Amino acid sequence: MRLTVIGCSGSFAGPDSAASCYLVEADDADGRTWRVLLDLGSGALGPLQRYADPARIDAVFFSHLHPDHCMDLCGYYVLRKYHPGGALPPIPVWGPVDVAERMSRAYDLPERHGMTSEFDFHEYDGPVTVGPLVIEPVPMAHPVPAYGMRVTADGRTLSYTGDTGPCEALDRLADGAALLLAEASFRHGEENPGDLHLTGRQAGEVAARNAVPRLVVTHVPPWYDADDMLSEAATTFAGDITAAVPGATYDV
């Protein structure tokens, strides 16, 4: 499968990147390409159109329902409802409890049926299969219901932390992964709130502890330098490490 970074700015869109959004693509045995989005945060729908036709996305998976991870579903709703070629058929949108109602309220639509003609909403309850991709949600430590995701195709696994503080579930998430896409929003050595985000150092520790060969650091807020987060992570992880940038692609 292939991972493309659409947006990687932490907590809000920055001057050089939209907020969190990652495109994952994989081909099935018949050669058909399947495309899913991991998050669709604020500002991400615009740059997504550089890398994929939004009409050809097969499903959306939200790590959680903070705006920097989900808010551009509102624009995507407009695109699918009023497409000049006719309304597009609904696609699955997976997320935490009350995802349908929360997203409908975000666009000031009736809660029960607001976006259900455009999206087929589901709440997480175990692994989900989309074509050749299997997406397994793993509960994380965050102030709201939040999930990391293990995405597996052809025996290879991409693990994405979403937003999380340090927790034992990170080891389950990263176990056996070929690539760990890990948030790093806090600086090591500062008094950081608990159960909220990781530092670069902690992201590196997760990768090292689970012998992950490749670490991609993401969700760095605009007020921090991604190179500093890389330096932090490199103090605990000796493998292949890069910082996510919009447009970067990774074969997993």
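What you see is a predicted model; the values in this text were computed from it and never measured.
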*pair Val24-Val252: side-chain heavy atoms closer than 4.5 Å*: no

Pairs under 3.5 angstrom only: tabulate donor-acceptor contacts from the side chains of residues 136-148 to other protein residues two or more places apart or in another chain.
| residue | atom | partner | partner atom | Å |
| --- | --- | --- | --- | --- |
| Glu136 | OE2 | Arg172 | NH2 | 2.7 |
| His142 | ND1 | Leu196 | O | 2.9 |
| His142 | NE2 | His66 | ND1 | 3.4 |

*Tell me, with the steps shown, if Lys81 and Tyr76 meet side-chain contact (heavy atoms from CB on, under 4.5 Å).*
CA-CA 8 Å; Lys81 184 178 181 68; Tyr76 198 24; over 6 Å; no

*Side-chain contact, heavy-atom cut-off 4.5 Å: Leu198 with Phe186?*
no

_Point-to-point distance, once rounded to the nearest 0.5 Å, from CG of Leu73 to CD of Glu118_ = 9.5 Å

_With a 4.5 Å cut-off on side-chain heavy atoms, are Tyr160 and Leu3 touching?_
no

*Within the distance-only criterion (no hydrogens, no angle test), does the side chain of Ser104 pair as donor or acceptor with the backbone N or O of Glu101 below 3.5 angstrom?*
no

*asked:* Does Arg56, at its CZ atom, have more than 12 non-hydrogen atoms belonging to other residues, nucleotides or ligands within less than 6.0 Å?
replied: no

*asked:* Testing the 3.5 Å rule here: is there a donor-acceptor pair between the side chains of Asp171 and Asn210?
replied: yes

*In Å and rounded to the nearest 0.5 Å, what is the CZ to CE distance from Phe61 to Met149?*
8.0 Å

*For the residue pair Tyr22 and Cys8, what are the closest heavy atoms and their distance?*
OH-CA, 3.9 Å

_Do Thr218 and Ser20 make a side-chain contact, defined as non-hydrogen atoms from C-beta onward lying under 4.5 Å apart?_
no

*asked:* Taking Glu25 first and then Arg35, would you say they form a salt bridge - that is, a charged N and a carboxylate O separated by under 4.0 Å?
replied: yes

*Are Val5 and Leu179 joined in one hydrophobic group, where the rule is that I, L, V, M, F, W and Y side chains link up if heavy atoms are under 4.5 Å apart?*
yes

*Once you round to the nearest 0.5 Å, how far does OH of Tyr224 lie from OG of Ser11?*
10.0 Å

*Check Tyr77 against Tyr107 and note the closest heavy-atom contact, atom names and distance.*
CE2-CE2, 3.6 Å

*asked:* Closer than 3.5 angstrom, by distance alone: can the side chain of Asp72 be matched with the main-chain N or O of Gly75 as a donor-acceptor pair?
replied: no

*Search all heavy atoms of Leu180 against all heavy atoms of Ala203 and return the closest pair with its distance.*
CD2-O, 4.4 Å

_Beyond-backbone contact of Met1 with Leu133, side-chain heavy atoms, under 4.5 angstrom_ = yes

*Hey, does Pro132 have a side-chain heavy atom less than 4.5 Å from the side chain of Arg32?*
no

_Closest heavy-atom pair and its distance - Leu40, Leu45_ = CD1-N, 4.3 Å

*Compare every heavy atom of Ala19 with every heavy atom of Asp68, then report the nearest pair and how far apart it is.*
O-CB, 3.3 Å

*Would you kindly confirm whether Ile91 and Ile135 end up in one hydrophobic cluster when ILVMFWY residues are joined by side chain heavy atoms under 4.5 Å apart?*
no

_Can you tell me how far apart CD (Glu205) and OG1 (Thr199) are? Round to the nearest 0.5 Å._
6.5 Å

*Does the pair Arg187/Asp225 count as a salt bridge with the N-to-O cut at 4.0 Å?*
no

*Is the backbone of Gly155 close enough, under 3.5 Å, to the side chain of Thr152 for a donor and an acceptor to pair up by distance?*
no

*Determine, using ring centers only, whether Trp94 and Phe119 are less than 6.0 Å apart.*
no

_pair Asp39-Leu37: side-chain heavy atoms closer than 4.5 Å_ = no

*Criterion side-chain contact (heavy atoms from CB on, under 4.5 Å) on Arg201 and Thr235, from CA distance to verdict*: CA-CA 7 Å; Arg201 183 184 182 91; Thr235 65; 3.5 Å; yes

*Leu38 and Val134: same hydrophobic cluster, using ILVMFWY side-chain contacts below 4.5 Å?*
no

Taking only distance into account, with no hydrogens and no angle test, what donor-acceptor pairs under 3.5 Å do side-chain atoms of residues 238-250 form with protein atoms, sequence neighbours excluded?
| residue | atom | partner | partner atom | Å |
| --- | --- | --- | --- | --- |
| Asp240 | OD2 | Arg214 | NE | 3.4 |
| Thr242 | OG1 | Tyr250 | OH | 3.1 |

_Would you say CG of Asp251 has more than 12 non-hydrogen atoms from neighbouring residues, nucleotides or ligands within 6.0 angstrom?_
yes

*Hey, quick one: are Tyr51 and Leu181 part of the same hydrophobic cluster, counting side-chain heavy atoms closer than 4.5 Å, chains of contacts allowed?*
no

*Do Arg156 side-chain atoms and Ala178 backbone N/O form a donor-acceptor pair below 3.5 Å?*
no

*Are Val130 and Val93 co-members of a hydrophobic cluster defined by side-chain heavy atoms under 4.5 Å apart?*
no

*asked:* Less than 4.5 Å apart, side chain to side chain, heavy atoms only: is that true for His122 and Pro92?
replied: yes

_Distance (rounded to the nearest 0.5 Å) between Arg102 CZ and His64 NE2_ = 10.0 Å

_Around atom CG of Asp53, are there more than 12 heavy atoms from other residues, nucleotides or ligands closer than 6.0 Å?_
yes

*Start with the C-alpha gap between Ile57 and Val36, add the side-chain angles, then the distance that decides, and say whether side-chain contact (heavy atoms from CB on, under 4.5 Å) holds.*
CA-CA 6 Å; Ile57 300 298; Val36 304; 5.8 Å; no

*In sequence, state the C-alpha distance, the side-chain angles, and the governing distance for Arg2 and Thr4, and then conclude on side-chain contact (heavy atoms from CB on, under 4.5 Å).*
CA-CA 7 Å; Arg2 171 167 289 195; Thr4 301; 4.2 Å; yes

*Give a yes-or-no answer on whether the side chains of Trp34 and Asp27 include a donor-acceptor pair shorter than 3.5 Å.*
no

*asked:* I'd like to know whether OH of Tyr82 has more than 12 heavy-atom contacts from other residues, nucleotides or ligands below 6.0 angstrom.
replied: no

*Look only at the side chain of Arg80 and the backbone of Pro90, and say whether a donor-acceptor pair between them is shorter than 3.5 Å.*
no

_To check you understand the geometry: which heavy-atom pair defines the closest contact between Gly204 and Phe237, and what is its length?_
O-CB, 3.5 Å

*asked:* Run the side-chain contact (heavy atoms from CB on, under 4.5 Å) test against Ser185 and tell me which residues pass, sequence neighbours left out.
replied: Glu183, His197, His219, Pro221

*Kindly check if the number of other-residue, nucleotide or ligand heavy atoms within 6.0 Å of CD (Glu190) is above 12?*
yes

